[in-house]
Amino acid sequence: MMISKKEFYTQGNACPVRVVLYDNPDIVPKACILYFHGGGLLYGHSEDLPRTHLKRLTSAGYPVASFEYPLAPAADLRMILSSVTYSINHYLCHPEQYVSHKLPYVLFGRSAGAYLCLIAAAHGVLAEKPAGILSYYGYGFLCDNWFETKSSYYASLPAVSENCLKAIPSEIHTSGDLDTHYSVYVYARQTGKWKSLIYKGREKFFYLDYSLRTCDFLPCPLFAAHCTGDPDVPYAEFLALCDKYHPSRFLCAGNTHDFDRDETSPDTAKLLDETLAFLKKTVN
């Protein structure tokens, strides 16, 4: 099975971002998936989605447009969310750059990317609402403390010094490799400084504008997946998300954050099965 791949940059916004578009030209498309990668808003790039996911999605009629976005700490949450909202609206205003004709769209994110999808849907000004949201181990800063206190899991790893911040660019950039940027995330979680690296404003506006605490309804159905022993995003955060929005849910027993990176795991196969069942039910 062939997956075609093309790249381009969004134009017209303050910070053009790279888009990688995956498609199976032999399959009639049903909806376009707009994907945002994870990495704690501090690292990552648009080619992190496993090949198995791309094959399953594109062969079922869902081309995937994977977007980058400005990374913290050079960019703050306001700029990051503005970029994500612009990218979504770029698809809505210029669908011909993505697909042969305008299609419904689904937001898909893993970890921080899922957070951005949820916040964009809840607070962003979108030209049209999505048909659905796929949140793989996402969050909405619904539970207290975990994102601004030291993580016991990361504290068990070798200590990373503040000097790691000097090794990454100070100017705005939209991709960050593991070898240069991952240490910043480890440092952020070891020290409890993650929130202060991604957000510089007043506490009140963090919860109003950049969490889901004030959002009682999402504009579309939600699919949420999580691991019960997730060391990055607490299981309690997933339960709070479920209590608030009653999503279609997928649970994995274990203690891995991005459990679906193991493409041979039965859990990954089942997750993709249930993702496709949700899409079939949601996309008209």
Side-chain angles (χ1 to χ4, degrees), residues 5 7-10 13 15-22 33-54 57 64-88 107-120 133-141 147 151 153-154 157 160 164-165 167-190 193-195 197-199 210 225-227 230-233 256-263 268:
K5 175 183 166 186
E7 294 181 28
F8 59 92
Y9 280 79
T10 60
N13 49 336
C15 178
V17 298
R18 178 173 171 241
V19 189
V20 181
L21 184 64
Y22 301 94
I33 291 176
L34 310 186
Y35 173 75
F36 296 87
H37 67 78
L41 308 174
L42 296 165
Y43 70 93
H45 54 78
S46 59
E47 293 186 71
D48 84 325
L49 200 55
R51 188 82 180 162
T52 300
H53 298 47
L54 293 169
L57 291 168
V64 178
S66 179
F67 294 87
E68 290 180 349
Y69 48 84
L71 297 174
D76 67 358
L77 259 179
R78 183 185 56 80
M79 183 180 192
I80 295 168
L81 188 62
S82 172
S83 173
V84 167
T85 303
Y86 183 91
S87 292
I88 296 167
L107 296 177
F108 176 22
R110 293 159 79 216
S111 196
Y115 161 74
L116 292 172
C117 290
L118 289 163
I119 298 296
I133 302 169
L134 303 171
S135 168
Y136 285 13
Y137 32 92
Y139 48 90
F141 296 126
F147 50 89
S151 154
Y153 170 75
Y154 283 97
L157 303 178
V160 174
C164 66
L165 295 168
I168 58 170
S170 56
E171 64 274 6
I172 300 298
H173 56 290
T174 60
S175 74
D177 289 335
L178 280 173
D179 55 357
T180 53
H181 286 61
Y182 180 64
S183 59
V184 175
Y185 179 69
V186 176
Y187 164 77
R189 298 305 302 271
Q190 284 181 342
K193 293 180 179 176
W194 183 32
K195 178 168 164 260
L197 285 173
I198 62 174
Y199 180 72
Y210 302 106
H226 216 88
C227 213
D230 188 325
D232 283 71
V233 180
T256 307
H257 176 53
D258 51 342
F259 64 91
D260 60 314
R261 73 173 179 229
D262 179 359
E263 297 178 63
T268 300

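Each residue takes its place number in the sequence, starting with 1. What you see is a predicted model, and the numbers here were worked out from it, not measured in a lab.
For the residue pair Cys164 and Tyr187, the shortest heavy atom distance occurs at SG-CB, 3.7 Å. Heavy atoms only, all atoms of each residue included: Ser183 and Val160 are closest at O-CG1, 3.5 Å. Counting all heavy atoms, side chain and backbone alike, Pro70 lies closest to Ala75 at CB-CB, 3.6 Å. Heavy-atom minimum distance, Gly138 versus Ala114: CA-CB, 3.5 Å. The heavy-atom pair separating Leu81 from Ala120 by the smallest distance is CD1-N, 3.9 Å. The minimum heavy-atom distance linking Gly176 with Leu71 is given by the pair N-CD1, 3.4 Å.
Between Arg18 and Ser175 the shortest side-chain heavy-atom distance does not fall below 4.5 Å. Contact of the Ile80 side chain with the Phe36 side chain is not registered, since no non-hydrogen atoms from C-beta on lie closer than 4.5 Å. Within the 4.5 Å cutoff, side-chain heavy atoms of Ile172 are placed close to those of Met79. Between Tyr86 and Tyr69, every side-chain heavy-atom pair lies at or beyond the 4.5 Å cut-off. Looking at Asp232 and Tyr154, their side chains come closer than 4.5 Å, going by heavy atoms from C-beta outward. By the 4.5 Å heavy-atom criterion applied to side chains, Leu197 and Leu165 are counted as neighbours. Proximity of Asp260 to Arg110: side-chain heavy atoms (C-beta onward) are separated by under 4.5 Å at one or more points. Put simply, the side chain of His181 does not reach to within 4.5 Å of the side chain of Leu42, judged on heavy atoms.
A side-chain donor-acceptor contact under 3.5 Å links His226 to the backbone of Val233. Formation of a donor-acceptor pair under 3.5 Å by the Ser87 side chain with backbone atoms of Ser83 is found in this model. Of the possible polar contacts, one joining the Glu68 side chain to the Ser46 backbone as a donor-acceptor pair under 3.5 Å is found. A donor-acceptor contact shorter than 3.5 Å is absent between the side chain of Ser66 and the backbone of Val20. Under the 3.5 Å distance criterion, the side-chain polar atoms of Ser82 are left unmatched by any main-chain donor or acceptor of Arg78.
Atom CZ of residue Phe67 and atom CG of residue Leu107 lie 9.5 Å apart, to the nearest 0.5 angstrom. Atom CG of Leu21 and atom NZ of Lys5 lie 11.0 Å apart (nearest 0.5 Å). Of the inter-residue distances, the one linking Leu34 atom CG with Ile88 atom CD1 reads 6.5 Å to the nearest 0.5 angstrom. Rounded to the nearest 0.5 Å, atoms NE2 (His173) and OG1 (Thr180) are 7.5 Å apart. Atom CD1 of Ile198 sits about 10.5 Å away from atom OH of Tyr210, to the nearest 0.5 Å. Note: Asp76 CG to Leu41 CG = 11.0 Å, rounded to the nearest 0.5 Å.
There is a side-chain donor-acceptor pair under 3.5 Å between Asp48 and Tyr35.
When ring centroids are compared, Tyr136 and Phe108 come within the 6.0 Å threshold.
Relative orientation of the Tyr185 and Trp194 rings is perpendicular, given thresholds of 30° and 60° on the angle between their planes.
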* To do: Would you check, one step at a time, whether the test side-chain contact (heavy atoms from CB on, under 4.5 Å) holds for Ser111 with Tyr139?
  => CA-CA 7 Å; Ser111 196; Tyr139 48 90; 4.2 Å; yes
* **side-chain contact (heavy atoms from CB on, under 4.5 Å) between Tyr137 and Asp258, worked out** => CA-CA 7 Å; Tyr137 32 92; Asp258 51 342; 3.3 Å; yes
* To do: Please test Val184 against Tyr43 for side-chain contact (heavy atoms from CB on, under 4.5 Å), starting from the C-alpha separation and ending with a verdict.
  => CA-CA 8 Å; Val184 175; Tyr43 70 93; over 6 Å; no
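Arg51 and Glu263 are not joined by a salt bridge, as no carboxylate oxygen comes within less than 4.0 angstrom of a charged side-chain nitrogen.
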